[in-house]
**Student:** 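Handing you this structure, nothing more for now.
Side chains included, hydrogens not; waters and symmetry mates left out as well; all remaining heavy atoms used. Chain identifiers are assigned alphabetically (A, B, ...) following the order of the sequence lines, protein sequences preceding nucleic acid strands; residue numbering begins at 1 within each chain.
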Number of protein chains: 2
Amino acid sequence: MAKTLPPPYHHGDLRRSLLDAARVMVCEDGIEALSLRKLADAVGVSRTALYHHFQDKNDLLCAIVAEGFATLHRLMDAALAPETGASRERFATFVHGYVHFATQDAELYDLMFSRTIWKQHTPNDALRTTARDCFRRLREMVKQWQADGIMSDRFDPKRLSQVTWSTLHGLSRLQNDGVYKDQSGLKAMCDCAIAVLLNP
Amino acid sequence: MAKTLPPPYHHGDLRRSLLDAARVMVCEDGIEALSLRKLADAVGVSRTALYHHFQDKNDLLCAIVAEGFATLHRLMDAALAPETGASRERFATFVHGYVHFATQDAELYDLMFSRTIWKQHTPNDALRTTARDCFRRLREMVKQWQADGIMSDRFDPKRLSQVTWSTLHGLSRLQNDGVYKDQSGLKAMCDCAIAVLLNP
DNA sequence: AACATATCTTGACAGTGTCAAGAATTGACC
DNA sequence: GGTCAATTCTTGACACTGTCAAGATATGTT
């Protein structure tokens, strides 16, 4: 009969395991609940093993956030694929998709834009570019929507894309922070935002 | 010659002093830098003296935030006073004022809408009502602007005010979180937001 | 003067992130 | 295989955090 083997000294892919476990913990109980020691326990490793794969706690958070932005980028690509319908509807699905993403993984989205990441320490360069790609993608699309005539071309596309993003971001944040107490009005708010941002 | 008196056992108005010192510390270095022990040192009092005036750290933060919402409320009243000009311009000054307030005391604004306050623990009842009054004020004004004809009356005033708030909030947040790296484009973004939200 | 109450202090505890030093494992080169 | 260096992981320790319990000190009331 086989005894349960002691865990091998070298964890197979500790970096990956830490990242996954940390994301789960963040999504379940928020950033505040993520302690490096609990994380190490969950993965079955010593308190400081983490420091051979991440510079410090912030570095770990940056890695999680970078993956968040990567999925957001994929989501945008999917919602904005030109073969999925008329541009008005594509914008609508994009808005609903963005807010859905932001409010479903609320804790992750909060972390993605948390002050801890972007100001307290300097974020990873990898993270910076990933996030910037996301916004560039949106600006492209705004130009396209202006060309399609569904968005007003009175505005500088850069400014208009910033305002668009701000609206979605603010909507998601107010929801996630618990300022709006229920989730029922979210779709109606999105629809109103869409109507405001598009030409009548 | 008068010796420097030892500090009196009873601090005159410790609650007030703690509140002020804490706000200063938050505004200077952010929430993360606010430790109850440093705060106590700054005020010249023991570590735990605070607990006779606030239930815990969160309670202290709630009190700071409540005062923040109070000044925001006053700011709105001032910007929206009917005798200060035509409604279009009043809306513009309101927007610029809001974003100015949010980005000037960036750390305070962040705290006002931080997850720590609104979700992690239940916020003070006093805070809840103060914040709600702020939003109610905005909704009143949106109705007024719709009546004045500068905002579209196609939308439910409740939804439209939520979208308006979201836009300003998102704009301020993205700025404060350091996603927009410089402060120069802020006014242009505000102007664009104003144009988007108002009838042409 | 005596007592109750509000206020403040010291001591302690469990928890945190992180550094230093050492042990265990792996891989490369001879 | 044997030797050496590098990578990976562990234990011990440190300063720091928020908060509780118990005691000291001042104020207010009767």
**Student:** For A/R37 and A/S35, test the side chains for any donor-to-acceptor distance below 3.5 angstrom and give the result as yes or no.
**Tutor:** no

**Student:** To the nearest Å, give me how far apart CG (B/L14) and C1' (C/dT9) are.
**Tutor:** 13 Å

**Student:** From C-beta outward on A/Y51, which listed nucleotide comes closest to its side chain: D/dT19, C/dC19, D/dC9?
**Tutor:** C/dC19

**Student:** Just wondering, are more than 12 heavy atoms of other shown residues or ligands nearer than 6.0 Å to CD in B/Q55?
**Tutor:** no

**Student:** Counting side-chain heavy atoms from CB outward, which of D/dG18, C/dT9, C/dG17 is closest to B/A49?
**Tutor:** C/dT9

**Student:** Could you say whether A/L34 or A/H52 is positioned toward the 5' end of DNA chain C, judged by the nucleotide with the nearest heavy atom to each?
**Tutor:** A/L34

**Student:** Calculate the interatomic distance between B/L18 atom CG and C/dT7 atom P; express it in whole Å.
**Tutor:** 12 Å

**Student:** Can you measure A/D59 atom CG to C/dG17 atom P for me and round it to whole angstrom units?
**Tutor:** 15 Å

**Student:** Rounded to whole angstrom units, what separation is found between the CG atom of A/L50 and the P atom of D/dT7?
**Tutor:** 18 Å

**Student:** Nearest heavy atom decides the nucleotide; on that basis, is A/Q55 or A/S35 closer to the 5' end of DNA chain C?
**Tutor:** A/S35

**Student:** What's the closest nucleotide to the side chain of B/K57 if the choices are C/dG17, C/dT9, D/dG18?
**Tutor:** D/dG18

**Student:** If you check the A/R47 side chain, which of D/dT11, C/dT9, C/dA12 turns out closest?
**Tutor:** D/dT11

**Student:** Measure NZ/B/K38 against C1'/D/dG18 and give the value in whole Å, please.
**Tutor:** 13 Å

**Student:** Look at the side chain of A/H96 and the backbone N and O of A/A92, then say whether any donor-acceptor pair between them is shorter than 3.5 Å.
**Tutor:** yes

**Student:** Looking only at side-chain atoms of B/S46, point me to the closest of C/dT10, D/dT10, D/dT17.
**Tutor:** C/dT10

**Student:** Looking at the rings of A/F69 and A/Y109, which for Trp means the six-membered one, are their centres under 6.0 Å apart?
**Tutor:** no

**Student:** In whole Å, I'd like the distance from the CG atom of A/L36 to the P atom of C/dT18.
**Tutor:** 6 Å

**Student:** Figure out the CG/P separation between A/L39 and C/dT18, and round it to whole Å.
**Tutor:** 12 Å

**Student:** Nearest heavy atom decides the nucleotide; on that basis, is A/R37 or A/V45 closer to the 5' end of DNA chain D?
**Tutor:** A/V45

**Student:** Would the A/H100 and A/F94 ring centres measure less than 6.0 Å apart?
**Tutor:** no

**Student:** Atom CG of A/D13 and atom P of D/dT8: how far apart are they, to the nearest Å?
**Tutor:** 11 Å

